[in-house]
Amino acid sequence: MSDQALPAAGQQSPGASGRRAAPRGAALGKVFEGLCFSAATALLIALGGLLVSLVLGAWPAMRTFGFGFLFSTTWNPVTDVYGAAGPIVGTLVTAAVALLISLPIAGGVAFFLTELCPARLRRPIGTAVELLAGIPSIVYGMWGLFVFAPLFSKFVQLPLMAAAAPGSLLEKLTTGIPNGSGILSASIILAIMILPFMAATLRELLLTVPAAVRESAYGLGATTAEVVMSVTLPYVRTGAIGAVMLGLGRALGETMAVTFIIGNSHGFPKSMFDSGSTIASTIANEFAEATTPMHVGALIYLGLVLFVMSFAVLGLARLMLRRQGGAA
Amino acid sequence: MLKTLGAAFGAALMLGAATFAQAAGTISGAGATFPAPVYAKWAEAYKAQTGTSLNYQAIGSGGGIKQINASTVDFGATDKPLKPDDLATGGLAMFPTVIGGVVPVMNLPGIKAGQLKMNGPVLADIYRGVIKKWNDPLIAKFNPGVALPNLPITVVHRSDGSGTTFVFTTYLSMKAAHWASEVGANDAVSWPTGLGGKGNDGVAAFVKQTPGAIGYVEYAYAKQNAMTYALMQNKQGLYVTPDAKNFAAAAANAKWASAPGFYLLLLDQPGADAWPITAATFILVHTKQTDAAKGREVLAFFDWCYKNGDAAAAQLDYVPLPASVKDLIRKSWTKIVGPDGKPVYK
Amino acid sequence: MTASAARVARRRAVNVVFEVFCWIVTAVALVALAAILWSLLSQGLGGLNLDIFTKSTPAPGSPGGLANAITGSIMMCLLAMVMAVVIGTLAGTWLAEYGGRSAYGSVIRFLNDVLLSAPSILVGLFVYEVLVAPFHSFSGFAGSVALALLAVPVITRTTEDVLLLQSATLREAGVALGATLSYVIRTVLWRSARSGLLTGALLAFARISGETAPLLFTALNNQFFTLDLRHPTANLPVVIFNYALSAYDDWRRLAWAGALLIAGTVLAVTIVARIVAQEQKRS
């Protein structure tokens with residue numbers, strides 16, 4: 001739609017003779033459009049600036065360590081040699097386990113709210129789940145450290161470690177410090193954090209399924225489970241994958257909920273209860289005091305890796321959701 | 001709507017401009033958590049008396065060094081002293097403020113503060129992960145009669161860059177060759193094992209929460225949290241308690257006058273009462289101040305602390321510097337000049 | 001039992017399992033919410049008193065409150081919101097009304113989504129490199145910019161969505177009367193989308209008020225009360241972060257109280273946003 005006012009019926013168009021004054025506000029209109037365009041472009045500049053500053057900051061480390069950075073587990077500020085394998089693995093493992101735990105629950109909640117919930121309870125429960133999404137991540141971190149960790153240690157870690165026969169697989173999986181922190185604890189807290197977000201997104205997706213489709217399935221005698229599994233889910237499959245990837249993207253970048261409880265050690269986590277680190281927690285812990293240019297560069301290189309991971313995951317997510325039909 | 005937007009934008013600009021008003025006397029510093037309790041007490045008293053605020057952020061010695069190099073703060077605080085060469089490269093001047101002690105703390109059911117004895121080599125082996133249980137014969141050997149529990153040892157160290165870590169790992173390197181070759185000494189090292197806590201606080205918090213844990217903290221943190229500390233064997237072979245008297249004994253022979261740039265480590269000092277892991281904590285400022293008034297305010301603050309802060313420091317079991325050292329420090333301040341080349345503080 | 005009867009029984013059994021599973025996990029989710037709220041309330045209410053609002057953050061062992069942190073957070077969030085609302089509304093308007101259908105528009109929309117989900121710590125790093133290191137000073141202003149960068153994508157998204165929902169007849173009527181498109185947007189569309197725009201702003205505010213990571217390297221923190229955003233500014237999230245990990249009981253109590261304040265604010269704002277959104281749907 002062009003920004004020129006349509007000439008009134010019967011009159012000549014403005015350019016033809018000089019008699020008709022310029023349409024009211026045309027100049028302002030151009031300015032306004034320009035402002036809007038600049039604002040939109042500002043987004044581009046912001047993101048571009050982010051990427052550029054990350055690359056520039058990471059350059060000393062990129063030049064020295066190259067791609068080997070991604071596979072080395074040495075993180076040694078004394079000798080100024082850094083490798084990101086520990087934080088990268090920690091990030092991927094916590095995000096994956098968090099997704100594994102929270103996806104069935106989010107799916108269950110979404111199905112509950114769309115198929116099973118009594119109408120009166122639908123609004124309050126839906127609101128309650130969305131409220132969980134609003135709790136700041138630092139609250140999850142604190143709750144995780146002070147409330148969850150002691151309980152986890154007492155009721156899960158210690159019994160499992162006691163029950164593990166020496167030399168068994170279970171023992172290998174449960175070695176570690178039984179104070180409630182570690183990779184598994186961080187994953188569980190992360191799962192609770194992304195749960196409401198995924199539940200809300202999945203629920204909105206399920207609501208896009210036309211009533212006719214569902215009702216015809218019910219009309220044929222299908223049980224609720226069958227409607228969900230054979231009709232609704234396949235209908236929203238692409239979008240659901242997109243929603244899952246969005247949850248994954250959030251889990252990858254989460255800082256506060258994880259830093260409190262992951263134990264902050266840079267090596268490869270060797271068991272469920274071992275401490276580890278994620279990219280975000282490493283940056284949060286060490287950036288303010290990294291003194292050598294290599295240390296700073298290594299941390300920003302980590303940030304760049306995280307950015308690329310999130311970018312890739314998000315790109316895929318958006319693709320999926322767009323293909324579904326803009327349910328996001 | 002556009003008018004509303006425009007008005008909001010204008011209001012924001014004005015809000016921004018208004019808040020850019022001159023704030024009366026504020027100095028900013030960042031760095032070590034080691035002296036943070038005493039700096040906070042001094043800052044409170046100083047503000048009550050003079051109205052000048054000192055904003056000190058305890059982000060770790062590494063952070064202090066970094067931020068003063070970046071000139072984002074007025075002074076940096078570190079327990080890892082910079083060597084004279086590094087000072088010259090960075091254009092920095094360094095001077096000590098107080099002396100404190102690093103103390104091993106533990107969480108052992110049934111064991112009280114001062115009951116357990118510890119020495120350097122055993123501590124190093126615990127932190128290397130070689131000694132894994134509390135009732136290991138290597139620990140029991142010099143702790144006869146102490147009921148050591150059959151708990152696994154949970155090692156707690158610092159997750160951030162820390163001068164306390166520098167002091168601790170330097171001591172371990174001095175006492176254990178394995179430690180020196182495998183790990184080394186720095187404000188951040190590649191720890192063979194253990195959990196990382198943030199700041200002296202974080203280590204104290206982890207140790208308090210975990211039965212069987214051992215950590216290292218500056219003494220004020222151990223005292224304020226009523227933690228179980230160990231006696232350490234000093235150079236003389238005697239087991240001493242960590243307290244201000246024994247930190248002072250370790251510092252008694254310190255030759256500050258002959259230490260260029262005040263670079264001095266007080267580890268493993270001779271003396272029957274000397275606590276082996278004693279350390280001074282330092283302040284870093286630029287020798288060439290870009291704002292002479294700000295430079296003067298910083299030095300005025302520390303001068304006030306030297307004159308009036310001893311009681312508060314002693315209450316937290318830090319050891320104030322002897323008067324002769326304070327005079328030496330004041331003399332060294334003539335090096336700190338403003339843009340005009342004149343010393344900022346007289 | 002005939003084969004079909006057996007099949008029906010099996011299908012019913014599967015259904016029961018499925019339904020029970022859904023009920024249970026919903027209960028689990030609600031229990032998790034209740035547990036977190038319960039901890040917040042029990043630990044935080046104990047620390048809430050008038051001192052929180054009147055005294056600044058203390059040295060360990062001294063009494064104090066969160067006045068400077070609360071003020072700092074409010075100032076930075078408000079400044080961030082103003083910047084974000086201006087840029088976000090204009091950008092969203094551009095996407096909805098002007099260039100949204102072009103290739104460039106798709107790129108902008110995609111990048112907006114990336115920024116929306118970007119890890120907030122990276123935004124903090126970026127603002128540190130651009131606004132803190134070159135100027136040699138941590139500042140509340142840098143913190144505000146970091147928060148604004150996190151709020152803009154939310155507002156852009158909701159503005160675009162809400163404007164696209166406005167009926168085409170509104171636009172056409174305005175233009176048919178001889179007005180320019182920009183005039184129609186400013187006087188008609190924005191007005192009719194008013195509550196949707198407000199919802200977006202409220203959601204953005206809820207999001208940034210709890211953010212800690214971007215403030216760690218930009219606003220840092222300040223032990224004292226200050227209104228000067230050119231310097232390190234106290235803020236609730238960083239104070240909570242520092243105090244929660246400490247070993248002092250009074251600091252931990254303050255941390256919980258602060259967490260309760262933030263969570264309470266976010267919840268209140270979210271509820272208000274939903275009420276406003278309902279009215280938008282109704283009108």
Relative to chain A, which of C:Ser120, C:Ala35, C:Gly99, C:Pro237 shows the most heavy atom pairs under 4.5 Å? C:Ala35
Quick one: what part of C:Leu30 sits under 4.5 Å from any heavy atom of chain A, side chain, backbone, both or neither? side chain
Where on C:Ile36 is there a heavy atom nearer than 4.5 Å to chain A: the side chain, the backbone, both, or neither? both
Under 3.5 Å: donor-acceptor pair, side chain of A:Ser230, backbone of A:Val227: no
Contact class of C:Leu40 relative to chain A, heavy atoms under 4.5 angstrom: side chain
Do side-chain atoms of C:Asn235 reach the backbone of C:Ala69 as a donor and acceptor pair under 3.5 angstrom? no
What part of C:Arg207 is in contact with chain A, defined as an atom under 4.5 angstrom from a non-hydrogen atom: side chain, backbone, both or neither? neither
Would you please classify the geometry between the C:Trp256 ring and the A:Phe146 ring as parallel, tilted or perpendicular, with 30° and 60° separating the classes? tilted
Quick check on C:Leu149 against chain A: is it the side chain, the backbone, both or neither that has a heavy atom closer than 4.5 Å? side chain
What residue in A:Val31, A:Val109, A:Leu252 has the most heavy-atom pairs under 4.5 Å with chain C? A:Val109
Among C:Phe21, C:Phe241, C:Tyr128, residue most engaged with chain A (heavy-atom pairs, under 4.5 Å): C:Phe241
Aromatic contact between A:Phe260 and A:Tyr140, with the criterion being ring centroids under 6.0 Å apart: yes or no? no
Verify whether the ring centers belonging to A:Phe287 and C:Phe217 lie closer than 6.0 Å. yes
Give a yes or no on this: more than 12 heavy atoms of other residues, nucleotides or ligands lie within 6.0 Å of atom CZ of A:Arg122. yes
Under 4.5 Å heavy-atom distance to chain A, tell me which part of C:Ala255 shows up: side chain, backbone, both or neither. both
Most contacts with chain A, counted as non-hydrogen pairs under 4.5 angstrom, among C:Leu260, C:Leu37, C:Leu267, C:Val14: C:Leu267
Given A:Gly49, A:Gly221, A:Gly48, the one with more heavy-atom pairs under 4.5 angstrom with chain C than any other is A:Gly49
Is there a donor-acceptor pair under 3.5 Å between the side chain of C:Thr89 and the backbone N or O of C:Val86? no
Looking only at the aromatic ring of each residue, does the gap between the centers of C:Trp190 and A:Phe32 stay below 6.0 angstrom? yes
Check each atom of C:Ile185 against the heavy atoms of chain A and say whether the ones under 4.5 Å are side chain, backbone, both or neither. side chain
Heavy-atom proximity to chain C below 4.5 Å, by part of A:Pro104: both
Evaluate the ring planes of A:Phe111 and C:Phe18, with Trp represented by its six-membered ring, and classify them as parallel (under 30°), tilted (30 to 60°) or perpendicular (over 60°). tilted
Please state whether the side chain, the backbone, both or neither of C:Val114 comes within less than 4.5 Å of a heavy atom of chain A. both
So which part of A:Ile279 gets closer than 4.5 Å to some heavy atom of chain C, the side chain, the backbone, both or neither? neither
With chain A as the partner, which of C:Ile262, C:Asp113, C:Leu125 has the greatest number of non-hydrogen pairs under 4.5 Å? C:Asp113
Which of A:Val129, A:Leu246, A:Leu202 passes side chain to side chain contact (heavy atoms under 4.5 Å, CB included) with A:Phe197? Answer is A:Leu246
Answer with side chain, backbone, both or neither: which region of C:Glu19 has an atom nearer than 4.5 Å to a non-hydrogen atom of chain A? both
Take A:Phe37 and C:Tyr104 through the test ring-ring contact (aromatic ring centres under 6.0 Å, His included) and record every step on the way to the result. CA-CA 11 Å; A:Phe37 180 77; C:Tyr104 186 63; 5.5 Å; yes
Region of C:Ala259 in contact with chain A, defined by heavy-atom distances below 4.5 Å: both
Based on non-hydrogen pairs under 4.5 Å, which of A:Leu299, A:Val313, A:Val228 is most in contact with chain C? A:Val228
Tell me, side chain or backbone of C:Phe110 under 4.5 Å from chain A's heavy atoms, or both, or neither? side chain
Greatest number of non-hydrogen atom pairs under 4.5 angstrom with chain C, of A:Thr127, A:Leu51, A:Leu54, falls to A:Thr127
One option among C:Val130, C:Val28, C:Leu115, C:Thr270 has the most heavy-atom pairs under 4.5 Å with chain A, and it is C:Leu115
Please classify the contact between A:Thr41 and chain C as side chain, backbone, both or neither, with a heavy-atom cut-off of under 4.5 Å. both
Angle between ring planes, C:Trp23 versus A:Phe112, binned at 30° and 60°: parallel, tilted or perpendicular? perpendicular
Would you sort out whether A:Tyr218 and A:Glu226 count as a side chain to side chain donor-acceptor pair (under 3.5 Å), showing the intermediate values? CA-CA 9 Å; A:Tyr218 279 118; A:Glu226 286 162 350; over 6 Å; no
Under a 4.5 Å heavy-atom cut-off, does chain A meet the side chain of C:Leu33, its backbone, both or neither? both
Greatest number of non-hydrogen atom pairs under 4.5 angstrom with chain C, of A:Leu314, A:Ile125, A:Leu50, A:Ile192, falls to A:Leu50
Under 3.5 Å side-chain donor-acceptor pair for A:Thr224 and A:Glu115: no
Bottom line for C:Thr156: the part with an atom under 4.5 Å from chain A's heavy atoms is side chain
Highest number of heavy-atom pairs under 4.5 Å with chain A: which of C:Leu216, C:Ile87, C:Thr212? C:Thr212
Okay, C:Ala27 and chain A: the region with an atom under 4.5 Å from a heavy atom over there is neither
I would like to know whether A:Ile135 and C:Val266 meet side-chain contact (heavy atoms from CB on, under 4.5 Å); could you show each step before the answer? CA-CA 7 Å; A:Ile135 297 184; C:Val266 169; over 6 Å; no
Can a side-chain donor-acceptor contact be found between A:Glu254 and A:Ser137 if the only test is distance below 3.5 angstrom? yes
